[in-house]
Amino acid sequence: MPKRPAEKRGGDRSAKLPTRQRKHLYLVLDDWELGYSIRKVDLLSDFDSVEADLDSTAEQCLPPAVFRLEAPHARSGQFAAFGTKIMFMGTIDNPWGTVPMYDVRTRALTSAPRRDSEPNPFCSAYVQVDGKFFLLDDGIFEMLQPPPPLLDGTLLKVKFNWSWCALPLPSYHDDVISYAVHPDERTLVFSMVKNSHGTIKLATFSFNIESSQWMRHGAWGLPFRGRGYFDPDLDAWVGLSCDPDTLGHLCACDILSANNKNKHPPLCKLSKERLFCVGPAEKHIGVTLVYLGDRSRFCLVQCLSIDDRPGGIWKESLPERLRYLLRVTTFSLKYDKHGCLRTAKHRHIGSYRLPEIATVYFEHLERPVAFWM
């Protein structure tokens with residue numbers, strides 16, 4: 001698949017921003033008494049150099065916060081990535097009717113227009129494609145298109161209304177359980193569940209951005225949970241398996257045809273390796289998969305707990321003592337000579353001990369928030 005041309009960058013050259021900056025992993029943690037912190041993790045430029053031990057459990061301190069946001073504590077679904085900005089989608093009272101955005105490149109706080117209706121942060125799906133930002137939730141499907149960039153240090157002298165616009169909803173519009181962007185970058189694919197009179201119904205739909213038309217593909221769901229990423233080297237969508245029996249495994253599934261109804265679910269391959277909770281004292285809480293771009297590179301951000309009780313015959317009679325870790329691991333994916341999905345080039349980046357305050361709001365432990373930008 002040919003690579004898309006790099007997006008043109010606006011702005012004044014006097015700002016002395018590099019034309020190409022190395023990306024980092026940004027963690028959003030609910031670990032501050034007044035709100036949230038954003039922390040930057042360097043995943044190292046020599047990704048391919050060493051095969052690391054996936055079982056490594058050496059604990060580290062969290063990297064220092066690069067930004068803190070004072071905002072009400074709530075669910076992890078309140079944060080989304082848009083370009084080089086991390087957006088807070090929740091409600092903050094201010095006289096301007098805006099929501100804050102932190103730009104990781106300029107390290108500046110900017111703002112976006114506030115939506116008229118607030119989404120349920122638990123089931124929202126946020127997707128950015130072709131310079132536009134889409135939000136799908138129960139009864140809500142909207143798009144945000146940003147204003148034009150700065151040119152030569154001055155604003156374009158055109159009328160441009162930076163606001164949210166409503167889009168048509170599919171026939172199902174309940175909880176989104178998985179979603180992906182088609183490689184044509186014109187089609188969004190969503191799997192949703194609907195509770196109808198006590199009966200759970202599952203269906204997969206696609207939305208064409210250019211025509212604003214929905215297509216129903218069938219009464220089945222994509223095989224991964226949450227976001228699936230298109231990897232051109234594998235020619236597949238990659239995500240974390242949604243089957244409880246294969247928890248911890250990755251799956252790569254065929255791409256749906258954007259023009260046909262695809263009445264049957266796509267073929268899927270599971271990874272041979274189980275990627276988390278390898279220690280006997282570890283308990284899995286939540287995980288997020290992040291795509292690092294070319295060469296089938298991925299990052300796994302897992303939250304887990306470890307029982308601190310001393311061993312022995314009296315252990316079970318003692319009250320449980322838990323400490324919580326955020327473990328970051330990178331790896332690549334490939335098909336072996338038998339066509340099986342395998343992981344390689346594992347690198348243990350760190351197991352970061354979370355402060356006690358970060359364990360109060362359990363939503364952020366079950367759904368770690370991480371962005372590659």
Side-chain angles (χ1 to χ4, degrees), residues 75-82 87 89 119-144 164 166-194 200-232 234-243 250-259 261-262 265-268 286-291 298 301 366-372:
R75 293 174 170 175
S76 62
Q78 292 195 122
F79 290 90
F82 189 16
M87 302 173 60
M89 303 298 293
N120 177 352
F122 184 73
C123 59
S124 294
Y126 303 121
V127 183
Q128 57 173 327
V129 60
D130 194 28
K132 302 178 180 66
F133 181 82
F134 296 85
L135 181 154
L136 178 63
D137 199 357
D138 181 12
I140 300 169
F141 187 35
E142 297 184 1
M143 180 186 73
L144 175 66
W164 293 88
L167 298 172
L169 285 162
S171 54
Y172 271 64
H173 43 83
D174 270 12
D175 292 353
V176 179
I177 57 172
S178 54
Y179 57 99
V181 178
H182 195 277
D184 66 10
E185 297 192 346
R186 298 189 303 272
T187 307
L188 310 179
V189 181
F190 301 93
S191 292
M192 289 172 268
V193 293
K194 184 179 181 67
I200 303 298
K201 296 182 178 181
L202 176 66
T204 295
F205 297 83
S206 63
F207 178 78
N208 186 288
I209 295 173
E210 295 180 346
S211 66
S212 293
Q213 297 294 317
W214 286 94
M215 177 183 292
R216 187 179 187 274
H217 292 275
W220 46 265
L222 295 168
F224 44 82
R225 182 169 299 279
R227 176 70 186 266
Y229 300 94
F230 173 67
D231 183 79
L234 299 177
D235 192 28
W237 281 321
V238 177
L240 290 164
S241 174
C242 62
D243 187 344
L250 292 172
C251 59
C253 74
D254 291 347
I255 306 300
L256 296 181
S257 170
N259 301 316
K261 290 192 174 181
N262 305 103
L267 296 176
C268 174
V287 66
T288 294
L289 181 69
V290 180
Y291 182 49
F298 293 86
V301 181
E366 294 178 326
R367 303 175 67 193
V369 182
F371 304 111
W372 176 247

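Residues Trp214 and Phe141 bring their aromatic ring centres within 6.0 Å. Aromatic rings from Phe79 and Phe371 are positioned such that their centres are separated by 6.0 Å or more.
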*Run the side-chain contact (heavy atoms from CB on, under 4.5 Å) check on Phe190 and Ser206 step by step: do they pass?*
CA-CA 6 Å; Phe190 301 93; Ser206 63; over 6 Å; no
*Step by step, would you call Met192 with Leu136 a side-chain contact (heavy atoms from CB on, under 4.5 Å)?*
CA-CA 11 Å; Met192 289 172 268; Leu136 178 63; 4.2 Å; yes
*ring-ring contact (aromatic ring centres under 6.0 Å, His included) between Phe230 and Trp237, intermediate numbers included*: CA-CA 4 Å; Phe230 173 67; Trp237 281 321; 7.7 Å; no
*Evaluate side-chain contact (heavy atoms from CB on, under 4.5 Å) for Tyr291 paired with Asp231, printing each intermediate quantity in order.*
CA-CA 9 Å; Tyr291 182 49; Asp231 183 79; 2.9 Å; yes
*Evaluate side-chain contact (heavy atoms from CB on, under 4.5 Å) for Leu240 paired with Val287, printing each intermediate quantity in order.*
CA-CA 9 Å; Leu240 290 164; Val287 66; 3.5 Å; yes
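Contact record, Ala252 with Ala236: CB-CB, 4.0 Å, taken as the closest heavy-atom pair. Residues Arg216 and Ala203 come closest through the heavy atom pair NH2-CB, 4.0 Å. Of all non-hydrogen atoms in Gly221 and Ser191, the two that sit nearest each other are CA-OG, 3.5 Å. Between Ser178 and Leu222, the shortest heavy-atom distance links the atoms OG-CB, 3.6 Å.
Phe82 and Phe133 have tilted rings, their planes meeting at an angle from 30° to 60° on a 0 to 90° scale.
Residues Val369 and Thr288 are not in side-chain contact: their nearest non-hydrogen atoms beyond the backbone lie 4.5 Å or more apart. Contact annotation: the side chain of Leu256 approaches that of Val189 to within less than 4.5 Å [non-hydrogen atoms, C-beta and beyond]. In this structure the side chain of Val181 reaches within 4.5 angstrom of the side chain of Arg227, judged on heavy atoms. Inter-residue side-chain proximity for Glu185 and Asp130 is flagged as unmet; no heavy-atom pair is nearer than 4.5 Å. Contact annotation: the side chain of Ile177 never approaches that of Cys242 to less than 4.5 Å [non-hydrogen atoms, C-beta and beyond]. Looking at heavy atoms from C-beta onward, Phe207 lies out of side-chain contact with Pro170 at the 4.5 angstrom threshold.
Rounded to the nearest 0.5 angstrom, Trp164 CH2 and Leu135 CG are separated by 5.5 Å. To the nearest 0.5 Å, atoms OG (Ser257) and NE2 (His217) are separated by 8.0 Å. Atom CG in Leu250 sits 10.0 Å away from atom SG in Cys268 (nearest 0.5 Å). Atom CG of Asp137 is separated from atom CG of Asp175 by 8.0 Å, given to the nearest 0.5 angstrom. Here CE of Met89 is found 7.5 Å from CG of Leu144. Values are rounded to the nearest 0.5 Å. Taking CZ from Arg225 and CG from Leu289, the interatomic distance works out to 14.0 Å, rounded to the nearest 0.5 Å.
More than 12 heavy atoms of other residues, nucleotides or ligands sit less than 6.0 Å from atom NZ of Lys132.
Under a 3.5 Å cut-off, the side chain of Thr204 and the backbone N or O of Trp220 do form a donor-acceptor pair.
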